[in-house]
Amino acid sequence: MDKIFFHIDVNSAYLSWEAAYHLSHGGDIDYREIPSIVGGDPTTRHGIVLAKSIPAKAYGVQTGESLYMALNKCPDLLIIPAHFSRYIKASDAMVDLIARYTDKIQRYSIDEVFTDMSIYKKDYLKVASEISKNIKEELGFTVNIGISENKLLAKMASDFSKPDKIHTLFKDEIESKMWPLDIGDLFMVGSRTSKKLKGRGIKTIGDLANMDDEYIYTWLKKPGLQILSYARGEEFSDVHIEMDEIKSIGNSTTTPFDVTTMEDAERFILGLSEMVGFRLRRENMCAEVIRISIKNFDFMKKRRQIKLNAPIYSTTRIFEVAMELFKEIWGGDPIRKFSVSVSDLTSNEAVQLSMFEETYEKDKNFDTCVDNIRRKYGSKEVVRSTFLYSKIEPVIGGVAEDAKEYPMMKILL
DNA sequence: TCTGGGGTCCTAGGACCC
DNA sequence: TCTGGGGTCCTAGGACCC
(Lines give C-alpha, C1' and ligand atoms only; values in the text may rest on other atoms or scores of the structure.)
Protein backbone atom coordinates (compact mmCIF):
# COMPACT_ATOMS: atom_id res chain seq x y z
CA MET A 1 0.00 0.00 0.00
CA ASP A 2 1.52 3.21 -1.20
CA LYS A 3 -0.33 6.01 0.46
CA ILE A 4 -2.97 6.50 3.10
CA PHE A 5 -5.56 9.23 2.91
CA PHE A 6 -8.14 10.31 5.46
CA HIS A 7 -11.37 12.06 4.59
CA ILE A 8 -12.66 13.81 7.71
CA ASP A 9 -16.28 14.93 7.58
CA VAL A 10 -18.17 16.77 10.33
CA ASN A 11 -21.44 15.02 11.16
CA SER A 12 -24.44 17.29 10.38
CA ALA A 13 -21.97 20.16 10.40
CA TYR A 14 -24.06 23.31 10.86
CA LEU A 15 -26.37 21.59 13.30
CA SER A 16 -23.53 20.08 15.33
CA TRP A 17 -21.78 23.42 15.49
CA GLU A 18 -24.94 25.16 16.67
CA ALA A 19 -25.39 22.43 19.29
CA ALA A 20 -21.80 22.73 20.51
CA TYR A 21 -22.09 26.52 20.64
CA HIS A 22 -25.36 26.38 22.53
CA LEU A 23 -24.06 23.92 25.12
CA SER A 24 -20.85 25.83 25.67
CA HIS A 25 -22.86 29.02 26.25
CA GLY A 26 -24.95 27.61 29.06
CA GLY A 27 -27.64 25.89 27.01
CA ASP A 28 -29.11 22.75 28.53
CA ILE A 29 -30.49 20.92 25.51
CA ASP A 30 -28.38 19.18 22.91
CA TYR A 31 -29.95 19.97 19.54
CA ARG A 32 -28.47 16.76 18.16
CA GLU A 33 -30.71 14.70 20.43
CA ILE A 34 -34.04 16.23 19.40
CA PRO A 35 -35.69 16.75 16.01
CA SER A 36 -34.03 19.98 14.92
CA ILE A 37 -32.65 21.72 11.87
CA VAL A 38 -30.61 24.73 10.89
CA GLY A 39 -32.73 26.63 8.41
CA GLY A 40 -33.31 29.93 6.69
CA ASP A 41 -36.08 32.46 7.20
CA PRO A 42 -39.25 31.65 5.24
CA THR A 43 -40.63 35.19 5.54
CA THR A 44 -37.84 36.40 3.28
CA ARG A 45 -38.20 33.34 1.03
CA HIS A 46 -35.04 31.73 2.36
CA GLY A 47 -36.85 28.88 4.03
CA ILE A 48 -34.94 25.71 3.35
CA VAL A 49 -33.29 23.06 5.52
CA LEU A 50 -29.51 23.56 5.66
CA ALA A 51 -28.74 20.78 8.14
CA LYS A 52 -30.75 18.29 10.18
CA SER A 53 -30.30 16.29 13.36
CA ILE A 54 -30.49 12.51 13.26
CA PRO A 55 -33.87 12.51 15.10
CA ALA A 56 -35.14 14.97 12.44
CA LYS A 57 -33.90 12.64 9.72
CA ALA A 58 -35.92 9.86 11.31
CA TYR A 59 -39.03 11.89 10.47
CA GLY A 60 -37.94 12.00 6.82
CA VAL A 61 -36.72 15.59 6.92
CA GLN A 62 -34.26 16.22 4.09
CA THR A 63 -31.54 18.78 3.53
CA GLY A 64 -32.58 21.26 0.87
CA GLU A 65 -36.31 20.87 1.24
CA SER A 66 -38.57 23.74 2.32
CA LEU A 67 -39.25 24.36 5.98
CA TYR A 68 -42.90 24.07 5.09
CA MET A 69 -42.44 20.47 4.01
CA ALA A 70 -40.14 19.71 6.92
CA LEU A 71 -42.72 21.02 9.40
CA ASN A 72 -45.39 18.93 7.74
CA LYS A 73 -43.31 15.85 8.42
CA CYS A 74 -42.44 16.91 11.95
CA PRO A 75 -44.55 19.67 13.52
CA ASP A 76 -42.37 19.82 16.66
CA LEU A 77 -39.22 20.49 14.70
CA LEU A 78 -36.91 23.04 16.35
CA ILE A 79 -35.67 25.54 13.79
CA ILE A 80 -32.32 27.18 14.47
CA PRO A 81 -31.19 30.17 12.40
CA ALA A 82 -27.80 29.92 10.68
CA HIS A 83 -24.66 31.77 11.89
CA PHE A 84 -22.02 31.38 9.21
CA SER A 85 -19.22 33.17 11.02
CA ARG A 86 -19.51 30.59 13.82
CA TYR A 87 -19.12 27.80 11.29
CA ILE A 88 -15.97 29.32 9.83
CA LYS A 89 -14.46 29.48 13.33
CA ALA A 90 -15.44 25.89 14.10
CA SER A 91 -13.98 24.76 10.79
CA ASP A 92 -10.72 26.62 11.43
CA ALA A 93 -10.45 25.11 14.91
CA MET A 94 -10.85 21.62 13.48
CA VAL A 95 -8.17 22.21 10.85
CA ASP A 96 -5.80 23.55 13.53
CA LEU A 97 -6.35 20.41 15.56
CA ILE A 98 -5.71 18.13 12.59
CA ALA A 99 -2.55 20.09 11.83
CA ARG A 100 -1.01 18.57 14.98
CA TYR A 101 -0.77 15.33 13.01
CA THR A 102 0.11 16.46 9.51
CA ASP A 103 0.59 19.53 7.39
CA LYS A 104 -0.71 17.70 4.34
CA ILE A 105 -4.25 18.98 4.66
CA GLN A 106 -6.62 19.88 1.87
CA ARG A 107 -9.69 21.87 2.88
CA TYR A 108 -12.36 20.55 0.62
CA SER A 109 -15.28 22.51 2.01
CA ILE A 110 -16.24 24.18 5.26
CA ASP A 111 -16.83 20.81 6.92
CA GLU A 112 -14.58 18.38 5.05
CA VAL A 113 -10.86 17.87 4.77
CA PHE A 114 -8.57 15.38 3.09
CA THR A 115 -5.25 14.55 4.71
CA ASP A 116 -2.30 12.53 3.52
CA MET A 117 -1.50 10.18 6.40
CA SER A 118 1.08 8.03 4.64
CA ILE A 119 3.52 8.63 7.48
CA TYR A 120 1.20 6.66 9.77
CA LYS A 121 1.29 3.44 7.75
CA LYS A 122 1.44 1.23 10.80
CA ASP A 123 -0.96 2.95 13.13
CA TYR A 124 -3.42 4.90 11.02
CA LEU A 125 -6.39 3.47 12.92
CA LYS A 126 -4.97 4.65 16.20
CA VAL A 127 -4.32 8.12 14.76
CA ALA A 128 -7.82 8.27 13.34
CA SER A 129 -9.45 7.45 16.64
CA GLU A 130 -7.18 9.91 18.42
CA ILE A 131 -8.15 12.73 16.07
CA SER A 132 -11.79 11.87 16.35
CA LYS A 133 -11.58 11.71 20.16
CA ASN A 134 -9.72 15.01 20.39
CA ILE A 135 -12.22 16.79 18.19
CA LYS A 136 -15.07 15.48 20.29
CA GLU A 137 -13.48 16.38 23.60
CA GLU A 138 -11.92 19.70 22.73
CA LEU A 139 -14.36 21.08 20.19
CA GLY A 140 -17.59 19.36 21.16
CA PHE A 141 -18.64 17.81 17.87
CA THR A 142 -18.16 14.50 16.10
CA VAL A 143 -16.72 13.52 12.74
CA ASN A 144 -16.68 10.55 10.44
CA ILE A 145 -13.28 9.48 9.15
CA GLY A 146 -12.90 7.51 5.93
CA ILE A 147 -9.57 5.82 5.25
CA SER A 148 -8.15 4.45 2.02
CA GLU A 149 -5.29 4.55 -0.45
CA ASN A 150 -6.93 7.25 -2.52
CA LYS A 151 -9.10 10.27 -1.82
CA LEU A 152 -12.17 9.03 -3.67
CA LEU A 153 -12.36 5.83 -1.64
CA ALA A 154 -11.64 7.70 1.59
CA LYS A 155 -14.54 10.02 0.80
CA MET A 156 -16.88 7.17 -0.02
CA ALA A 157 -15.86 5.48 3.25
CA SER A 158 -16.59 8.47 5.44
CA ASP A 159 -20.16 8.37 4.17
CA PHE A 160 -20.90 4.79 5.29
CA SER A 161 -22.58 4.82 8.70
CA LYS A 162 -22.81 7.88 10.94
CA PRO A 163 -22.16 9.56 13.30
CA ASP A 164 -18.79 9.40 15.05
CA LYS A 165 -17.46 6.47 13.02
CA ILE A 166 -14.22 5.40 11.38
CA HIS A 167 -14.40 3.27 8.23
CA THR A 168 -11.82 1.88 5.84
CA LEU A 169 -12.40 1.20 2.16
CA PHE A 170 -9.24 -0.27 0.72
CA LYS A 171 -9.09 -1.65 -2.80
CA ASP A 172 -9.70 -5.20 -1.67
CA GLU A 173 -12.84 -4.05 0.13
CA ILE A 174 -14.43 -2.34 -2.87
CA GLU A 175 -16.40 -5.32 -4.03
CA SER A 176 -17.90 -6.08 -0.65
CA LYS A 177 -18.35 -2.58 0.76
CA MET A 178 -18.93 -0.28 -2.22
CA TRP A 179 -20.28 -2.25 -5.14
CA PRO A 180 -23.56 -3.24 -3.45
CA LEU A 181 -24.42 0.45 -2.83
CA ASP A 182 -27.08 2.31 -4.82
CA ILE A 183 -25.62 4.00 -7.89
CA GLY A 184 -26.79 7.35 -6.53
CA ASP A 185 -24.38 6.99 -3.61
CA LEU A 186 -21.37 7.26 -5.92
CA PHE A 187 -19.51 10.57 -5.87
CA MET A 188 -20.56 12.70 -8.87
CA VAL A 189 -23.70 10.71 -9.57
CA GLY A 190 -26.53 13.09 -8.75
CA SER A 191 -30.25 12.64 -9.17
CA ARG A 192 -30.30 13.19 -12.94
CA THR A 193 -27.51 10.79 -13.78
CA SER A 194 -28.79 8.27 -11.28
CA LYS A 195 -32.17 8.23 -13.02
CA LYS A 196 -30.54 7.90 -16.43
CA LEU A 197 -28.37 4.99 -15.32
CA LYS A 198 -31.20 3.17 -13.62
CA GLY A 199 -33.24 3.58 -16.79
CA ARG A 200 -30.75 1.26 -18.45
CA GLY A 201 -30.55 -1.20 -15.62
CA ILE A 202 -27.49 0.15 -13.84
CA LYS A 203 -28.72 0.13 -10.27
CA THR A 204 -25.64 -0.34 -8.10
CA ILE A 205 -22.09 0.98 -8.15
CA GLY A 206 -20.99 -2.55 -9.01
CA ASP A 207 -23.28 -2.56 -12.06
CA LEU A 208 -21.54 0.54 -13.37
CA ALA A 209 -18.04 -0.72 -12.55
CA ASN A 210 -18.61 -3.71 -14.80
CA MET A 211 -19.87 -1.79 -17.81
CA ASP A 212 -17.98 -1.45 -21.06
CA ASP A 213 -15.90 1.73 -21.41
CA GLU A 214 -16.87 2.36 -25.04
CA TYR A 215 -20.54 2.00 -24.32
CA ILE A 216 -20.40 4.47 -21.40
CA TYR A 217 -18.32 6.97 -23.32
CA THR A 218 -20.61 6.98 -26.35
CA TRP A 219 -23.57 7.46 -24.08
CA LEU A 220 -22.33 9.82 -21.35
CA LYS A 221 -19.12 11.28 -22.78
CA LYS A 222 -16.36 12.47 -20.48
CA PRO A 223 -18.40 12.64 -17.25
CA GLY A 224 -19.37 9.03 -17.97
CA LEU A 225 -15.76 7.88 -17.98
CA GLN A 226 -15.20 9.85 -14.81
CA ILE A 227 -17.89 8.07 -12.82
CA LEU A 228 -16.91 4.76 -14.38
CA SER A 229 -13.41 5.00 -12.94
CA TYR A 230 -14.84 6.15 -9.61
CA ALA A 231 -17.07 3.07 -9.56
CA ARG A 232 -13.91 0.98 -9.97
CA GLY A 233 -12.19 2.90 -7.19
CA GLU A 234 -9.64 4.47 -9.52
CA GLU A 235 -8.52 7.94 -8.53
CA PHE A 236 -5.00 9.29 -8.32
CA SER A 237 -4.93 12.88 -7.17
CA ASP A 238 -2.79 14.10 -4.31
CA VAL A 239 -3.81 16.20 -1.38
CA HIS A 240 -3.26 19.69 -2.58
CA ILE A 241 -1.98 21.78 0.19
CA GLU A 242 -1.73 24.99 -1.71
CA MET A 243 -4.86 26.85 -2.50
CA ASP A 244 -6.01 26.58 -6.08
CA GLU A 245 -6.49 29.77 -7.93
CA ILE A 246 -9.97 31.20 -7.78
CA LYS A 247 -11.79 30.89 -11.10
CA SER A 248 -14.87 32.96 -10.45
CA ILE A 249 -16.47 35.17 -7.85
CA GLY A 250 -20.21 35.56 -7.61
CA ASN A 251 -22.99 36.54 -5.29
CA SER A 252 -26.68 35.89 -5.55
CA THR A 253 -29.81 36.53 -3.57
CA THR A 254 -33.37 35.41 -3.49
CA THR A 255 -35.37 38.61 -3.19
CA PRO A 256 -37.84 38.92 -0.30
CA PHE A 257 -40.52 39.94 -2.82
CA ASP A 258 -41.05 39.48 -6.55
CA VAL A 259 -39.23 42.28 -8.32
CA THR A 260 -41.24 43.93 -11.05
CA THR A 261 -39.68 47.38 -11.51
CA MET A 262 -36.43 48.41 -13.16
CA GLU A 263 -35.59 50.60 -10.14
CA ASP A 264 -35.71 47.70 -7.68
CA ALA A 265 -33.89 45.41 -10.11
CA GLU A 266 -31.16 48.04 -10.34
CA ARG A 267 -30.79 48.17 -6.57
CA PHE A 268 -30.42 44.41 -6.23
CA ILE A 269 -27.92 44.24 -9.07
CA LEU A 270 -25.94 47.14 -7.60
CA GLY A 271 -25.93 45.58 -4.14
CA LEU A 272 -24.58 42.32 -5.57
CA SER A 273 -22.06 44.16 -7.76
CA GLU A 274 -20.75 45.93 -4.64
CA MET A 275 -19.98 42.61 -2.95
CA VAL A 276 -18.53 40.97 -6.05
CA GLY A 277 -16.34 44.02 -6.71
CA PHE A 278 -15.20 44.16 -3.11
CA ARG A 279 -14.20 40.50 -3.10
CA LEU A 280 -12.51 40.84 -6.49
CA ARG A 281 -10.41 43.79 -5.32
CA ARG A 282 -9.59 42.09 -2.04
CA GLU A 283 -7.99 39.32 -4.09
CA ASN A 284 -6.16 41.85 -6.26
CA MET A 285 -7.87 40.43 -9.27
CA CYS A 286 -9.80 41.78 -12.21
CA ALA A 287 -12.27 40.05 -14.48
CA GLU A 288 -12.94 39.81 -18.19
CA VAL A 289 -16.24 37.97 -18.15
CA ILE A 290 -19.29 39.43 -16.42
CA ARG A 291 -22.45 37.42 -15.98
CA ILE A 292 -25.95 38.06 -14.73
CA SER A 293 -28.47 35.34 -13.94
CA ILE A 294 -32.08 35.65 -12.95
CA LYS A 295 -34.75 33.25 -11.82
CA ASN A 296 -38.34 34.28 -12.26
CA PHE A 297 -41.41 33.69 -10.09
CA ASP A 298 -41.94 30.21 -11.50
CA PHE A 299 -38.26 29.30 -11.23
CA MET A 300 -37.34 29.66 -14.88
CA LYS A 301 -33.68 30.56 -15.18
CA LYS A 302 -31.98 32.86 -17.64
CA ARG A 303 -28.45 34.04 -17.86
CA ARG A 304 -26.30 36.19 -20.05
CA GLN A 305 -22.59 36.83 -20.05
CA ILE A 306 -20.13 38.87 -22.00
CA LYS A 307 -16.40 38.78 -22.45
CA LEU A 308 -14.97 42.27 -22.41
CA ASN A 309 -12.02 43.55 -24.37
CA ALA A 310 -10.29 44.70 -21.22
CA PRO A 311 -10.46 43.37 -17.67
CA ILE A 312 -12.29 45.41 -15.04
CA TYR A 313 -12.51 45.55 -11.27
CA SER A 314 -14.56 48.57 -10.31
CA THR A 315 -17.98 48.15 -8.78
CA THR A 316 -19.41 50.77 -11.10
CA ARG A 317 -18.16 49.04 -14.23
CA ILE A 318 -19.34 45.61 -13.07
CA PHE A 319 -22.73 47.14 -12.31
CA GLU A 320 -22.97 48.91 -15.67
CA VAL A 321 -22.16 45.80 -17.65
CA ALA A 322 -24.48 43.66 -15.52
CA MET A 323 -27.31 46.12 -16.12
CA GLU A 324 -26.80 46.06 -19.89
CA LEU A 325 -26.96 42.28 -19.85
CA PHE A 326 -29.99 42.36 -17.58
CA LYS A 327 -31.90 44.62 -19.92
CA GLU A 328 -31.20 42.23 -22.77
CA ILE A 329 -32.77 39.24 -21.03
CA TRP A 330 -35.52 40.63 -18.83
CA GLY A 331 -38.95 40.34 -20.40
CA GLY A 332 -40.71 42.09 -17.52
CA ASP A 333 -41.82 38.96 -15.67
CA PRO A 334 -41.56 39.05 -11.86
CA ILE A 335 -38.11 38.04 -10.60
CA ARG A 336 -37.30 36.14 -7.40
CA LYS A 337 -33.54 35.71 -7.66
CA PHE A 338 -30.59 37.71 -8.99
CA SER A 339 -26.99 36.71 -9.34
CA VAL A 340 -23.94 38.63 -10.49
CA SER A 341 -20.66 36.88 -11.09
CA VAL A 342 -17.32 37.47 -12.73
CA SER A 343 -14.78 35.07 -14.20
CA ASP A 344 -11.74 34.88 -16.46
CA LEU A 345 -9.84 36.42 -13.59
CA THR A 346 -6.34 37.80 -13.84
CA SER A 347 -4.06 39.61 -11.48
CA ASN A 348 -4.85 43.31 -11.57
CA GLU A 349 -1.23 44.47 -11.49
CA ALA A 350 -0.75 44.38 -15.24
CA VAL A 351 -4.02 46.15 -15.74
CA GLN A 352 -3.23 48.98 -13.41
CA LEU A 353 -0.24 49.90 -15.52
CA SER A 354 -2.36 50.30 -18.61
CA MET A 355 -5.01 52.25 -16.82
CA PHE A 356 -4.61 55.75 -17.95
CA GLU A 357 -8.20 56.67 -18.50
CA GLU A 358 -9.43 59.20 -16.04
CA THR A 359 -12.72 57.55 -15.17
CA TYR A 360 -10.92 54.35 -14.31
CA GLU A 361 -8.60 56.23 -12.05
CA LYS A 362 -11.52 57.89 -10.34
CA ASP A 363 -13.42 54.61 -9.98
CA LYS A 364 -10.37 53.01 -8.52
CA ASN A 365 -9.82 55.66 -5.91
CA PHE A 366 -13.48 55.66 -5.02
CA ASP A 367 -13.65 51.88 -4.67
CA THR A 368 -10.46 51.68 -2.64
CA CYS A 369 -11.75 54.32 -0.27
CA VAL A 370 -15.11 52.63 0.20
CA ASP A 371 -13.49 49.20 0.57
CA ASN A 372 -11.28 50.47 3.36
CA ILE A 373 -14.14 51.97 5.29
CA ARG A 374 -16.23 48.86 4.87
CA ARG A 375 -13.40 46.63 5.97
CA LYS A 376 -12.87 48.73 9.07
CA TYR A 377 -16.38 49.62 10.11
CA GLY A 378 -18.65 47.22 8.25
CA SER A 379 -20.61 47.31 5.06
CA LYS A 380 -23.42 49.53 6.35
CA GLU A 381 -21.27 52.62 6.83
CA VAL A 382 -21.10 53.73 3.22
CA VAL A 383 -24.34 53.53 1.30
CA ARG A 384 -25.16 54.73 -2.18
CA SER A 385 -28.00 57.21 -2.13
CA THR A 386 -30.22 55.03 -4.26
CA PHE A 387 -30.66 52.73 -1.27
CA LEU A 388 -31.58 55.46 1.21
CA TYR A 389 -35.34 55.06 1.12
CA SER A 390 -35.52 51.50 -0.14
CA LYS A 391 -35.72 48.31 1.88
CA ILE A 392 -33.03 46.71 -0.22
CA GLU A 393 -29.63 45.99 1.30
CA PRO A 394 -26.84 48.17 -0.10
CA VAL A 395 -24.32 45.32 -0.16
CA ILE A 396 -25.69 41.87 -0.86
CA GLY A 397 -23.94 38.54 -0.53
CA GLY A 398 -23.12 35.82 1.93
CA VAL A 399 -19.35 35.73 2.12
CA ALA A 400 -18.27 36.89 5.57
CA GLU A 401 -16.35 40.13 5.53
CA ASP A 402 -13.25 38.73 7.18
CA ALA A 403 -13.33 35.41 5.37
CA LYS A 404 -10.47 34.40 3.17
CA GLU A 405 -11.43 33.44 -0.33
CA TYR A 406 -10.73 29.81 -0.87
CA PRO A 407 -12.01 27.64 -3.68
CA MET A 408 -14.68 25.29 -2.41
CA MET A 409 -14.24 22.24 -4.56
CA LYS A 410 -13.28 20.70 -7.85
CA ILE A 411 -14.88 18.05 -9.98
CA LEU A 412 -11.66 16.08 -9.68
CA LEU A 413 -10.74 15.60 -6.08
C1' DT B 1 -45.03 30.63 4.34
C1' DC B 2 -42.82 26.10 -0.80
C1' DT B 3 -38.25 25.52 -3.16
C1' DG B 4 -30.50 29.11 -0.52
C1' DG B 5 -25.96 30.42 -1.84
C1' DG B 6 -21.26 29.42 -2.91
C1' DG B 7 -18.69 27.16 -6.52
C1' DT B 8 -16.41 23.97 -10.91
C1' DC B 9 -16.68 21.55 -15.08
C1' DC B 10 -18.73 19.83 -19.49
C1' DT B 11 -21.31 20.01 -23.90
C1' DA B 12 -23.44 21.86 -27.94
C1' DG B 13 -23.84 25.12 -31.36
C1' DG B 14 -22.58 29.25 -33.88
C1' DA B 15 -19.04 32.51 -35.59
C1' DC B 16 -14.85 33.03 -37.59
C1' DC B 17 -10.27 31.90 -39.52
C1' DC B 18 -7.19 29.35 -42.51
C1' DT C 1 -21.81 30.08 -59.01
C1' DC C 2 -19.61 25.07 -55.39
C1' DT C 3 -17.63 22.24 -51.70
C1' DG C 4 -14.74 20.89 -46.85
C1' DG C 5 -12.70 20.43 -42.57
C1' DG C 6 -9.99 21.52 -38.44
C1' DG C 7 -9.21 24.66 -34.72
C1' DT C 8 -10.42 28.26 -31.50
C1' DC C 9 -13.33 31.43 -29.21
C1' DC C 10 -17.67 32.63 -27.26
C1' DT C 11 -22.30 31.91 -25.14
C1' DA C 12 -26.16 29.36 -23.05
C1' DG C 13 -27.52 25.73 -20.39
C1' DG C 14 -27.06 21.89 -17.42
C1' DA C 15 -24.97 18.63 -14.03
C1' DC C 16 -22.65 18.06 -9.87
C1' DC C 17 -20.58 19.22 -5.23
C1' DC C 18 -21.05 21.13 -0.18
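A, B, ... follow the sequence lines: proteins, then strands. Residue 1 opens every chain.
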State whether A:E274 and A:R384 are salt-bridged, where the test is any N-O pair (Lys NZ or Arg NE/NH1/NH2 against Asp/Glu carboxylate O) under 4.0 Å. yes
Ignoring the backbone of A:M69, work out which of C:dG14, B:dC2, B:dT11 is nearest its side chain. B:dC2
Do A:T102 side-chain atoms and A:K104 backbone N/O form a donor-acceptor pair below 3.5 Å? yes
First encountered from the 5' end of DNA chain B, between A:Y217 and A:Y68: A:Y68
Taking the minimum atom-to-atom distance to the side chain of A:T254, which one of C:dT11, B:dG4, B:dC10 wins? B:dG4
Report which part of the nucleic acid A:S339 touches: base, sugar-phosphate, or nothing (heavy-atom distance under 4.0 Å, all strands). nothing
Looking at A:S248, I'd like to know whether one of its side-chain N or O atoms comes within less than 4.0 Å of OP1 or OP2 on B:dT8. yes
Distance in angstrom units between A:R291 CZ and C:dA12 P, rounded: 9 Å
Quick check on C:dC16: is either OP1 or OP2 less than 4.0 Å from any side-chain nitrogen or oxygen of A:T193? yes
Taking the side chain of A:K155 as heavy atoms from C-beta outward, which of C:dC17, B:dT8, C:dA12 is closest to it? C:dC17
Report which part of the nucleic acid A:G40 touches: base, sugar-phosphate, or nothing (heavy-atom distance under 4.0 Å, all strands). nothing
Ion pair check, A:K247 and A:D244, cut-off under 4.0 Å: no
Identify which nucleotide among C:dC16, B:dC10, B:dT1 has an atom closest to any side-chain atom of A:S191, counting heavy atoms from C-beta outward. C:dC16
A:I48 has its side chain closest, among B:dG4, B:dT1, C:dG14, to B:dG4
Interatomic distance where NZ belongs to A:K162 and C1' belongs to C:dC18 [whole Å]: 11 Å
Please pick, from B:dG6, B:dT1, B:dG4, the nucleotide with the shortest atom-to-atom distance to any side-chain atom of A:L50. B:dG4
Expressed in angstrom and rounded to an integer, what is the separation of A:K52 atom NZ from C:dC18 atom P? 12 Å
Taking only N and O in the side chain of A:R304, is any of them less than 4.0 Å away from OP1 or OP2 of C:dA12? yes
Using a heavy-atom cut-off of 4.0 Å across all strands, would you classify A:E65 as base, sugar-phosphate, or nothing? nothing
Below 4.0 angstrom from OP1 or OP2 of C:dC16, is there any side-chain N or O of A:K196? no
With the side chain of A:F299 defined as its heavy atoms from C-beta on, choose the nearest nucleotide among C:dA15, B:dT1, B:dG4. B:dG4
Mind checking the P distance from C:dC18 to B:dC2? Whole angstroms is fine. 29 Å
Salt bridge between A:R45 and A:D258, side-chain N to carboxylate O under 4.0 Å? yes
If I take atom CG in residue A:L308 and atom C1' in nucleotide C:dC10, what distance separates them, rounded to the nearest angstrom? 13 Å
Taking the minimum atom-to-atom distance to the side chain of A:R336, which one of C:dT11, B:dG4, B:dC10 wins? B:dG4
When both hydrogen-bonding distances must be under 3.5 Å and the geometry is Watson-Crick or G-U wobble, what is B:dT11 paired with, if anything? C:dA12
Determine the contact category for A:K301: base if any of its heavy atoms lies under 4.0 Å from a base atom, sugar-phosphate if only primed atoms, P, OP1 or OP2 are that close, otherwise nothing. nothing
Using whole Å, report how far CD of A:Q305 lies from C1' of C:dG14. 14 Å
Can you tell me the Watson-Crick or wobble partner of B:dC18, both distances under 3.5 angstrom? C:dG5
Return the 5'-most residue of the pair A:F297, A:I396 with respect to DNA chain B, ranking by each residue's nearest nucleotide. A:F297
Does B:dG5 have its OP1 or OP2 closer than 4.0 Å to a side-chain nitrogen or oxygen of A:N251? no
Just to be sure I understand the rule, does A:L67 reach a base, reach only the sugar-phosphate, or reach nothing, if contact means heavy atoms closer than 4.0 Å? nothing
Separation of A:H46 atom NE2 from B:dT1 atom C1', in whole Å? 14 Å
Could you tell me whether the phosphate oxygens of B:dC9, OP1 or OP2, come under 4.0 Å of any side-chain nitrogen or oxygen in A:K247? yes
Expressed in angstrom and rounded to an integer, what is the separation of A:L71 atom CG from B:dT1 atom C1'? 10 Å
Pi-cation contact, A:F114 with A:K151 (under 6.0 Å, within 45°): yes
Determine the contact category for A:V189: base if any of its heavy atoms lies under 4.0 Å from a base atom, sugar-phosphate if only primed atoms, P, OP1 or OP2 are that close, otherwise nothing. sugar-phosphate
Quick check on C:dA15: is either OP1 or OP2 less than 4.0 Å from any side-chain nitrogen or oxygen of A:R192? yes
Atom CG of A:L225 to atom P of C:dC16: distance rounded to whole Å? 16 Å
Over 12 foreign heavy atoms within 6.0 Å of NZ, A:K57: no
Where the side chain of A:K307 is defined as all heavy atoms beyond and including C-beta, which of C:dC10, C:dC16, C:dG13 is the nearest nucleotide? C:dC10
Going by atom types alone, do A:D111 and A:S109 pair a side-chain donor with an acceptor below 3.5 Å? yes
Might you work through the side-chain contact (heavy atoms from CB on, under 4.5 Å) test for A:V49 and A:L67, ending with a clear yes or no? CA-CA 6 Å; A:V49 176; A:L67 294 199; 3.9 Å; yes
Which nucleotide in C:dA12, B:dT3, B:dG6 has an atom nearest any side-chain atom of A:S252: B:dG6
